[in-house]
Every structure is written in C-alpha cells, then in structure tokens.
Amino acid sequence: MKKIDMVLGLQWGDEGKGKVVDVLTPDYKVIARFQGGPNAGHSLVFDGEGFVLHTVPSGIFREDSINIIGNGVVIDPVILMEEIESIEAKGIDITDKLLISKRAHLILPTHRMLDAASEAAKGKSKIGSTLKGIGPTYMDKTGRNGVRIGDILSGEFRNRYETLREKHRSLLAQYEGFTYDISQYEARWFDAIEKLKRFQFIESEIVVNDFLEKDVPVLAEGAQGSMLDIDFGTYPFVTSSNTMAAGVCTGLGVAPNRVGKVYGIFKAYCTRVGSGPFPTELFDNDGDRLRSIGHEFGATTGRPRRCGWLDMVALKYAVMMNGVSELIMMKADVLNDFDTIKVATGYEIDGKQIDYFPFESNESVTPVYKEFKGWKCDICSVRKYEDFPQELKDYVDFIEKETGCPVKIISVGPDRKEIVIR
Ligand code: GDP
Ligand code: IMO
Ligand code: MG
C-alpha cells in the first residue's frame, strides 16, 4: 500500500509550490489540494507560457493526471469556473480529470462581503486578507452553518443558501457604513454552480484511500505556508486553515500512519504579503532588489510582497512541525548578483538571544545574522548539482546542517525545466 506524499510551503506562502507540484506530477497519478481556497495563487511556467491556479490542483496540465479538490478546501464556484474555462481554453477537457469533494465548503458571495467588512472595520490592524471570503467560510464551517458541494445536488440547496445569506445580511448590518450589492455576483455564482454539475462530486476520503490501497501514487498540494497556519503561524496575521502536514490528514481523510514523504519548500530568501510579523524583512536597497529581481508581486492580488533574508529560526520551526523529510529550495537564481547573503540564525528579544520561534513574534524581535559570500554568477542554466558554484553549495550545506534535512531539489528559474534534482 502506498503512502501519501506532500508538498508544503514552509514560509509565508508563495514559495513556488505550483511549480514544484507541476515538476513532480509525472511521478504521481493523483494530485490533491487539502486546504485553503482561492486565496492561493500557484504559478506554473512551461512552453514559454505562464499560468496561475487558485483552486485547481497544479497537476492539471499533465496528461492522465487526476486532480482532487479535497474536503478541507473552500470553493468559490465563480473563481473555480473561471479557472476551469481558462484551462479548457488551451484545448484540454478536464471534465474527467477534476474531482471535487462533496464535503468541501462553498464560499458564498456574502462570505466575501463579510471578509471585506471585517477588514475595513479593523482599520490599521487589518490582516491584509486576499478578501476571497476564506475566514468567514471557515468560521461557518466550524460554526456548523456551512453549505457544501454535496448540498448542490439536494433539493434543499437554495433554502440552505438563502438561510445562510440572510444570517450574513444581519451580520453585515452591524458594520456601520458598510454598503454592498451582491446581486451581480450572486447571479454569476448560481450560473457557476450549474456549470459545476458536469464534474464528479465525490467522497474524496474514500477515493484517496482507495488509490493508496491500490498502490497509486498520490501527492497532496499545500496552499499558503506554515507561518500562515491558523495554530502555529503569526496569529492573528494568518489564514484560517491548517497549512501544515497535519492538515493533509484532516483535509483529505488520510490517517497519520499513511503519510509518506514530506517535501518542505522554501525560497532561498523570504517574502510575505499582507500584514504581520516578519523578523527578517528588509526596508533597504537589498529588499527592493529581491522584489524586483524575484518579481515579488502577489499571484492572486498583485500586491507587492514584503522581502527579506532567509529566516532559519522560522524554517527550523516549520521543519519540526511538518516532519519534513526533504527540502526544496526555490528561487536560488534571484540571489545571483548579491555580494553578501544573510541568514537569520537567532533572534534577540529584550537583549536576550533565543533560537526558537516565540509566541511574541512582533517588532521587538531583532534577528541575529550569519553572512555568506554570494556566488556572483548566473546559475539559471545549471542542471547538475556538481556544476553549482562552491558558494551556493556552502549555502545549501549550511541549511542542511541547521535543519538536519537534505536539500533534494534546487530551483533556478520559473520554468518547469529550470530545476536541479539531486
Ligand atoms: P506558490 O503560491 O507557492 O505556488 O508560489 P507563487 O506562484 O505564488 O509564487 C512563486 C513565483 O516565483 C511565481 O511567479 C513563479 O513563477 C516564480 N518561481 C518559481 N520558482 C522560481 C525560481 O526558481 N526562480 C525564479 N526566478 N522564479 C521562480
Ligand atoms: P499561496 O498558496 C501568500 C495571506 C494574505 C493575508 C493572510 C490571510 O499562493 O502560497 P486570507 O485571504 O487567507 O484571509 O489572508 O494570508 N495569504 C497568502 N500569502 N500566499 C498565499 O497562498 C496566501 N494566502 C493567503 O496575504 O496576509
Ligand atoms: Mg502564491
């Protein structure tokens, strides 16, 4: 019997999960998303073309792959249908390649409004949400009020929808000065619901376990990253789901003893979009260079990403809690031109040095840095580890020593082909 492997972001999201899943898919038959929703933006680049996926798993472009949207995901049918149509515009029919869990919750138009109203009310202390309705939808899930994909086929669907919408309307009325009009979006929403009916709505927990039982390789695709996890991220500046390995078990219905490889993916530096603590954030020229060389602008919202040096304290925290078995380092090429590269190896808080990620990860944290000599050459065309400059190998050695985990893959450009597998 097979175990489920997974690709998880170890930082604040946007590590390059989409690209890695696309690269690994030939080794897997099934790719499954287990949490998050259209707050995610996963970029793939191949044949000179770029593509951004929000809800559909990143295995969708590989021939013969099966792509499952698991029970832990929250779905906006409008966004999902737009995505499906843009994939099919490339001449691929995905009707039989995409399976959707009946247990996945639906993001209602009013969930989006609640997200917007809540953020507006927070003012300066806003989370910086993608405003896709993620938080309010997970609130209704845990509050046991949600409407699910499986409900679409029930005669009670419209009723359930309207009951929840009216509840939302009364909540929205509490936000003074917040005005909204969902009529257009609601019409598109029901239109998308109709169109979704051509896809199979499944008991994904049974299907995934059946695949594993029959030795079919399954890869779980994370969204966001460990530092945005609802429990262990920089709360309250987090997303509303468990983005870590444990989320695969609840988000797909796979038992912990059926977990196989845990691929932990990180950028050779660090980024974050939205508000919240980011100890190694740079406000200088180096930060601007990382942003412009790395094209660090959100794939979902277009917002500029905050940039900084690699944070080993946060990385080790994420490696520990995910049980990472192999590391994947992305965007090494972005550092090509830097004379000096820094890595935070500890934090100083009120004059005391610590080497773990603390509860109080706010502005009072000052990173302690170790410096590395940059490689100062173009590595984009390297395809064999031996051909990397020694400075890059030293950087990788250090990361392996600190985390106790092998770095198995190094990405040197956005394209599917720009990758070094050891
Ligand atoms: P995800 O959310 O984890 O899938 O990551 P995103 O797609 O939001 O952000 C990663 C960005 O980096 C995308 O624009 C990718 O095309 C790009 N990218 C991925 N790997 C590399 C790499 O190795 N080098 C460079 N320069 N860009 C990369
Ligand atoms: P991928 O899968 C980066 C951030 C938002 C915000 C916080 C909460 O592409 O890595 P939400 O919309 O979930 O209520 O936003 O989390 N965020 C992400 N940042 N990558 C993502 O996804 C993100 N999804 C949410 O910017 O700070
Ligand atoms: Mg992204």
Side-chain angles (χ1 to χ4, degrees), residues 7-23 33 35-46 49-55 57-58 73-74 76 107 111-112 114-116 118-119 122 126-139 221-230 233-241 243 265-278 290 292-306 328-336 378-380 382 409-420:
V7 169
L8 305 170
L10 300 181
Q11 295 163 325
W12 281 276
D14 302 328
E15 296 88 352
K17 299 174 290 291
K19 167 176 173 169
V20 163
V21 169
D22 175 55
V23 165
R33 277 277 305 269
Q35 47 68 237
N39 48 350
H42 294 180
S43 319
L44 284 64
V45 181
F46 54 91
E49 236 191 296
F51 218 89
V52 181
L53 296 169
H54 301 287
T55 319
S58 301
V73 177
V74 290
D76 183 328
I107 302 174
H111 279 132
R112 292 164 61 98
L114 283 165
D115 213 353
S118 156
E119 282 285 81
K122 282 194 161 98
K126 69 173 185 191
I127 310 291
S129 158
T130 60
L131 302 180
K132 303 293 176 196
I134 306 294
T137 307
Y138 279 116
M139 278 165 71
E221 172 179 0
Q224 292 81 53
S226 298
M227 303 314 287
L228 288 171
D229 182 271
I230 182 72
T234 45
Y235 192 90
F237 302 100
V238 293
T239 191
S240 300
S241 63
T243 58
I265 137 166
F266 67 100
K267 281 179 192 170
Y269 50 99
C270 231
T271 65
R272 164 160 213 172
V273 60
S275 331
F278 180 4
L290 288 172
S292 66
I293 302 170
H295 302 291
E296 295 296 357
F297 296 88
T300 297
T301 58
R303 292 177 291 177
R305 293 174 184 150
R306 300 158 62 193
I328 301 180
M329 183 165 88
M330 307 300 288
K331 301 190 99 161
D333 56 294
V334 174
L335 299 178
N336 281 349
D378 189 350
I379 55 164
C380 297
V382 174
I409 300 177
I410 294 161
S411 178
V412 294
D415 194 276
R416 208 185 242 181
K417 295 201 189 97
E418 290 169 314
I419 200 122
V420 174

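This structure is a prediction, so every number in the text was calculated from the model and none was measured. Ligands are counted one by one from 1 in listed order, and the atoms in each one are counted from 1 as well.
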>> As a check for students: among Gln224, Lys331, Glu15, identify the option with a heavy atom nearest to atom 12 (O) of ligand 1.
In response: Lys331
> For atom 9 (O) of ligand 1, which candidate among Met330, Met329, Arg305, Glu418 provides the closest heavy atom?
Replying inline: Arg305
> Where do Arg272 and Pro277 come nearest, in terms of heavy atoms and distance?
Replying inline: NH1-O, 2.6 Å
>> Give me the atom names and distance for the closest heavy-atom approach of Pro38 to Thr55.
In response: CB-OG1, 4.1 Å
Rounded at 0.5 Å granularity, tell me how far [atom1] in [X] sits from [atom2] in [Y].
X      : Y      : atom1 : atom2 : value
Gln11  : Met227 : CD    : CE    : 9.5 Å
Lys267 : Ile328 : NZ    : CD1   : 14.5 Å
Thr300 : Lys132 : OG1   : NZ    : 6.5 Å
Ser226 : Ile265 : OG    : CD1   : 11.0 Å
Asp22  : Glu221 : CG    : CD    : 9.5 Å

> Hey, which protein N/O/S atoms does the Mg ion (ligand 3) have under 2.8 Å?
Replying inline: Asp14 OD1, Gly41 O
Using a 4.0 Å cut-off to any heavy atom of [X], which atoms of ligand 1 qualify?
X      : answer
His42  : 1 (P), 2 (O), 4 (O), 7 (O)
Gly413 : 20 (N), 21 (C), 22 (C), 23 (O), 24 (N), 25 (C)
Ser411 : 20 (N), 21 (C), 22 (C), 23 (O)
Gly18  : 4 (O)

>> Less than 4.0 Å is my threshold; does some heavy atom of Ala40 fall inside it relative to ligand 1?
In response: no
Heavy-atom distances under 4.0 Å decide this one: backbone, side chain, both or neither, for [X] against ligand 1?
X      : value
Lys19  : side chain
Leu44  : neither
Asp333 : side chain

> What pairs with Phe297 under ring pair (Phe, Tyr, Trp, His ring centres under 6.0 Å), at least two apart in sequence or on another chain?
Replying inline: none
> What residues, two or more places apart in sequence or in another chain, satisfy ring pair (Phe, Tyr, Trp, His ring centres under 6.0 Å) together with His42?
Replying inline: none
>> For ligand 1, which is the ligand I care about here, please tell me if Gly16 has any N or O atom under 3.5 Å from one of the ligand's N or O atoms.
In response: yes
Using modelled atom types only, decide if a donor and an acceptor are shared between the side chain of [X] and the backbone of [Y] within a distance under 3.5 Å.
X      : Y      : answer
Lys17  : Gly225 : no
Glu119 : Ile127 : yes
Lys19  : Asp415 : yes
Lys122 : Gly128 : no
Ser129 : Leu131 : yes

Tell me, which protein residue and heavy-atom name are nearest [atom], and how many Å apart are they?
atom                    : answer
atom 10 (C) of ligand 1 : Asp14 O, 3.7 Å
atom 6 (P) of ligand 1  : Gly41 O, 3.5 Å
atom 7 (O) of ligand 1  : Ser43 OG, 2.6 Å
atom 16 (O) of ligand 1 : Pro414 CB, 3.6 Å

> Listing by chain and number, which residues have a heavy atom under 4.0 Å from ligand 2?
Replying inline: Trp12, Gly13, Asp14, Lys17, Asn39, Ala40, Gly41, His42, Ile127, Gly128, Ser129, Thr130, Ala223, Gln224, Leu228, Val238, Thr239, Val273, Gly274, Arg303
Less than 4.5 Å apart, any side-chain heavy atom of [X] and any of [Y]?
X      : Y      : result
Cys380 : Asn336 : yes
Thr301 : Asn39  : no
Trp12  : Val273 : no

